[in-house]
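Notes for the one structure printed next.
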Amino acid sequence: MRSFGVTLPERNIRMVEKRGCEDGRVIERVRETLFNSAGEIGLEIERNEIQLERPKDLSNGDLSSNIAMLTAVKTRSNPRKLAERIVDKISFDTDFVDRIEIAGPGFINFFFSVKHLTNQVLEINRAKESYGDLDIGRGKRIQIEFVSANPTGPLVLVSARAAAVGNALVNLYRKAGYDVESEYYFNDVGSQVKKLGVSLMARFRQSRGEEIDFPEDGYPGEYLIDIAKQIPIGKGEEWVRLETNKGVNEFTGFALEKMIELIKKDLEFFGISFDLFFRESALHRSNGEIDQLLEIMKEKDVIFENDGALWFRSSDFGDEKDRVVIRGDKSPTYFLADAAYHLNKLRRGYDRVIDIFGPDHHGHLKRLKAASTLFGGDKDWLEILTVQWVRLIENGKEISMSKRGGEYITLNELVSDVGRDAAKFFFLMRKNHAHIDFNLSLARKKSDENPVYYVQYAHARISSVISFASENNVEFPENWECVRLLEEPEEIDLIRKLVVFPQLVEGAVLMNDPNRLTTYVQEIASSFHHFYHICRIVSDNSRLSQARLLLAEATRIVLAESLRLIGVSAPREM
RNA sequence: GGGCGAUUAGCUCAGCUGGAUAGAGCGCUGGCCUCCGGAGCCAAAGGUCGUGGGUUCGAAUCCCACAUCGCCCUCCA
């Protein structure tokens with residue numbers, strides 16, 4: 001059930017009122033009418049308290065209000081009788097509402113007229129891919145940071161999931177009228193990165209025939225062997241001869257550039273792009289954000305010294321204990337750098353910032369939010385979402401991944417195996433914060449069992465029918481009056497599902513929940529197949545054919561746009 | 001010990017910020033192409049929504065407790 005009313009947070013109410021599409025205007029008209037009628041019989045109720053829902057079961061109408069049940073409690077009256085009194089007072093032109101029923105314990109149900117519904121088919125055809133565009137963001141600047149995996153290895157499954165989720169959110173927020181920037185943060189500083197350099201040096205020396213042990217805590221993956229081969233031999237040998245620290249630095253620098261290149265390639269292979277790649281090293285310059293943040297922390301008196309290190313009193317902000325920000329060796333911790341990074345974001349002027357974290361970062365969450373309020377970020381300025389682990393299941397069994405052997409399944413391997421579309425779709429079939437068992441065997445299948453193909457098939461089928469119609473001289477009509485001929489239950493059912501799209505986008509944005517789209521798109525496909533089976537599109541009746549062609553095209557538009565939002569292709573044929 | 005999440009049909013999961021008779025896919029059973037793509041459609045079977053309390057006109061949904069499972073809890077990043 002969708003509901004728009006009393007329990008909604010402030011910003012949600014505003015959004016509902018600002019919705020631009022015709023469907024939204026209709027909801028407002030119904031709300032207005034109910035408000036007036038309730039006033040006439042002396043009920044005291046706020047406009048925004050009036051909830052309007054779309055019943056799950058369409059036999060309960062297109063819009064349903066529980067106003068009578070809510071007010072019955074206050075006025076100690078029978079909700080059904082109260083509903084009757086309200087309905088008696090309702091008088092508006094029945095252009096879009098066909099009838100009003102009182103049902104169940106006192107629901108007031110509005111049934112849209114066929115005329116109104118068929119008009120929506122025209123609206124979708126007119127709007128095309130802009131159907132469902134909202135202006136709830138009103139141009140506010142929002143930054144979405146995601147993946148941000150360390151440049152110490154190729155991207156693995158969790159990163160792939162974060163990439164799919166982040167990419168879908170970027171698309172959704174843009175569609176909702178936000179000015180969105182996507183960003184990837186590279187931790188190109190610190191001990192992990194240094195380990196990368198040490199590992200690469202070892203690989204290089206091994207490649208020159210030296211029999212040395214690989215460092216125990218190094219990165220054992222094969223990718224470093226490949227990168228070692230790319231080092232010009234003269235250079236590499238020179239670096240080996242340098243004083244150890246300097247030499248490692250050279251290898252680190254080389255490894256970093258190659259890793260960043262590799263990660264960007266992986267992302268491109270997956271079909272994910274970023275507006276900006278930000279490097280942590282930019283924060284470390286003298287009097288950069290790290291220094292500035294330390295100053296702020298000192299001013300606010302939230303810092304103390306202990307054991308030669310500087311600590312942040314994060315326990316005062318809900319963290320379980322205090323955290324080191326400057327280590328005994330004077331180097332800043334990862335946490336301090338990340339907090340400084342967010343200071344940098346704030347200064348760039350974003351109205352809101354969303355971070356998508358992997359599951360291994362969730363302990364980091366509270367202290368980062370605490371830090372962001374320290375330097376002036378409003379409580380809701382920074383929002384942190386987490387995505388959970390992905391387990392790969394093949395033939396009903398988990399594919400075990402051993403960290404020690406460096407045997408991760410990479411993004412690249414997954415996408416090569418099942419394809420971009422299936423990978424993205426499967427990652428978006430669950431809520432972000434729930435674990436996923438990724439069914440490899442199913443994702444691989446190019447058959448009806450695989451939901452991605454089921455949906456894409458519907459799109460291809462529609463495209464094919466439209467071509468078929470054209471070959472048989474059924475074209476899109478000049479005069480769109482023919483949509484009035486749409487009246488079969490299968491046609492009306494399909495239309496009713498299509499018109500939900502703008503609200504679906506709104507809900508997905510409000511709840512940061514792109515997985516709603518994967519469910520929706522399957523429902524649309526199912527309704528279309530059903531309609532297709534019962535109602536012949538191209539027939540001897542040319543006006544009816546044209547009307548159904550418009551409905552098919554409207555379906556195609558909604559399908560294609562939904563798929564675009566989740567980053568999945570909508571093939572014309574397959 | 002502390003924290004986050006999960007628990008819904010045989011399996012994998014939806015359930016849209018509390019609504020009406022809890023839905024889909026797969027699997028199983030039985031049907032549907034002289035006709036626009038059968039990668040499709042229809043029908044049937046299948047449920048104490050983990051357990052126990054609470055709030056509410058109304059709870060799978062919110063609150064509390066408990067159980068089971070997964071993950072996290074470095075002066076790593």
Side-chain angles (χ1 to χ4, degrees), chain A residues 1-3 7-9 12 51 53-57 59-60 64 66 69-70 72-73 79 103-107 109 149-150 152 187 189-193 195 217 280 307-311 320-321 323-329 331 333-335 337-338 359-366 386 388-389 391 393 396 429-431 433-435 437 439 442 445-451 453-454 456-458 460-469 471-472 474 500 503-504 506-508 510-511 513 515-516 518-520 522-523 525-526 529-530 532-534 536-539 545 548 552 573-574:
Chain A
M1 284 279 193
R2 288 154 206 83
S3 74
T7 57
L8 301 181
N12 193 345
Q51 296 181 27
E53 302 168 333
R54 276 186 191 272
K56 276 183 254 191
D57 185 345
S59 67
N60 287 322
S64 177
N66 59 359
M69 278 114 81
L70 285 180
V73 184
F107 288 105
N109 296 335
N150 288 350
T152 51
N187 301 115
V189 178
S191 61
Q192 299 298 321
V193 171
K195 247 189 251 174
D217 59 351
E280 183 189 339
D307 287 344
L310 279 185
W311 296 69
E320 41 193 283
K321 58 179 187 178
R323 303 289 165 177
V324 170
V325 288
I326 299 287
R327 300 187 189 89
D329 68 1
S331 62
T333 58
Y334 169 79
F335 162 63
D338 206 6
D360 46 344
H361 275 66
H362 95 257
H364 189 56
L365 210 140
K366 266 188 185 155
T386 53
Q388 270 298 342
W389 295 112
R391 286 200 313 167
I393 309 289
M429 283 201 298
R430 304 276 170 283
K431 285 210 155 104
H433 57 258
H435 293 247
D437 283 345
N439 187 333
L442 179 60
K445 275 189 195 164
K446 301 203 159 128
S447 76
D448 56 338
E449 293 164 63
N450 188 334
Y453 291 102
Y454 177 78
Q456 290 184 322
Y457 177 76
R461 186 183 232 186
I462 295 170
S463 306
S464 163
V465 171
I466 290 171
S467 321
F468 178 87
E471 286 157 21
N472 288 274
V474 176
V500 165
Q503 283 141 64
L504 194 97
E506 178 179 299
L510 283 175
M511 303 306 285
D513 197 6
N515 89 311
R516 292 181 188 187
T518 54
T519 309
Y520 178 65
Q522 289 177 79
E523 279 172 21
S526 170
H529 287 313
H530 186 44
Y532 173 88
H533 193 252
I534 304 286
R536 184 156 174 104
I537 296 172
V538 181
S539 68
S545 297
R548 287 178 173 167
E573 55 187 47
M574 51 194 289

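Computed over heavy atoms, backbone and side chain alike; hydrogens, waters and symmetry mates excluded. To find a chain, count down the sequence lines: A is the first, B the second, and so on, and within it residues start at 1.
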Taking only side-chain N and O atoms of [X], does any of them lie within less than 4.0 angstrom of OP1 or OP2 on [N]?
X	N	result
A:Arg327	B:C76	yes
A:Arg54	B:G19	no
A:Ser464	B:G37	yes

Reckon [X] touches a base, only the sugar-phosphate, or nothing at all at heavy-atom distances under 4.0 Å?
X	answer
A:Glu573	base
A:Asp307	base
A:Val189	sugar-phosphate
A:Asn150	sugar-phosphate
A:Asn439	nothing
A:Gly507	nothing
A:Ala72	nothing
A:Ala460	base
A:Arg430	sugar-phosphate
A:Asn109	base
A:Tyr532	base

Which sits closer to the 5' end of RNA chain B, A:Met574 or A:Thr333, going by the nucleotide each is nearest to?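 Result of the comparison: A:Met574.
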Whether the side chain of A:Ser64 and the base of B:A20 hold a donor-acceptor pair under 3.5 Å is what I'd like checked.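 By the distance-only test, yes, there is a pair.
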Whole-Å [atom1] distance, [N] and [M]:
N	M	atom1	result
B:G46	B:A6	C1'	24 Å
B:C13	B:G2	P	29 Å
B:U7	B:G50	P	8 Å

Dump the intermediate steps for side chain to side chain donor-acceptor pair (under 3.5 Å) on A:Ser331 and A:Asp329, then the final yes or no. CA-CA 6 Å; A:Ser331 62; A:Asp329 68 1; 2.6 Å; yes
Distance-only side-chain donor-acceptor flag, A:Arg430 / A:Gln388, under 3.5 Å: no
Verify the distance criterion only: is there a donor paired with an acceptor across the side chains of A:Asn150 and A:Gln192 at less than 3.5 Å?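 Judged by distance alone, the side chains do not pair up.
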Reading nucleotides 3-9 of chain B from 5' to 3' and marking B where a protein heavy atom lies under 4.0 Å of the base, S where only the sugar-phosphate is that close, and - otherwise, the string is BSSS---
Anti/syn call for B:C71, syn if |chi| within 90°: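 Anti conformation here, the glycosidic angle of B:C71 being more than 90° from 0.
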Pairing residues for A:Tyr457 by the ring-ring contact (aromatic ring centres under 6.0 Å, His included) criterion, not counting sequence neighbours: A:His529
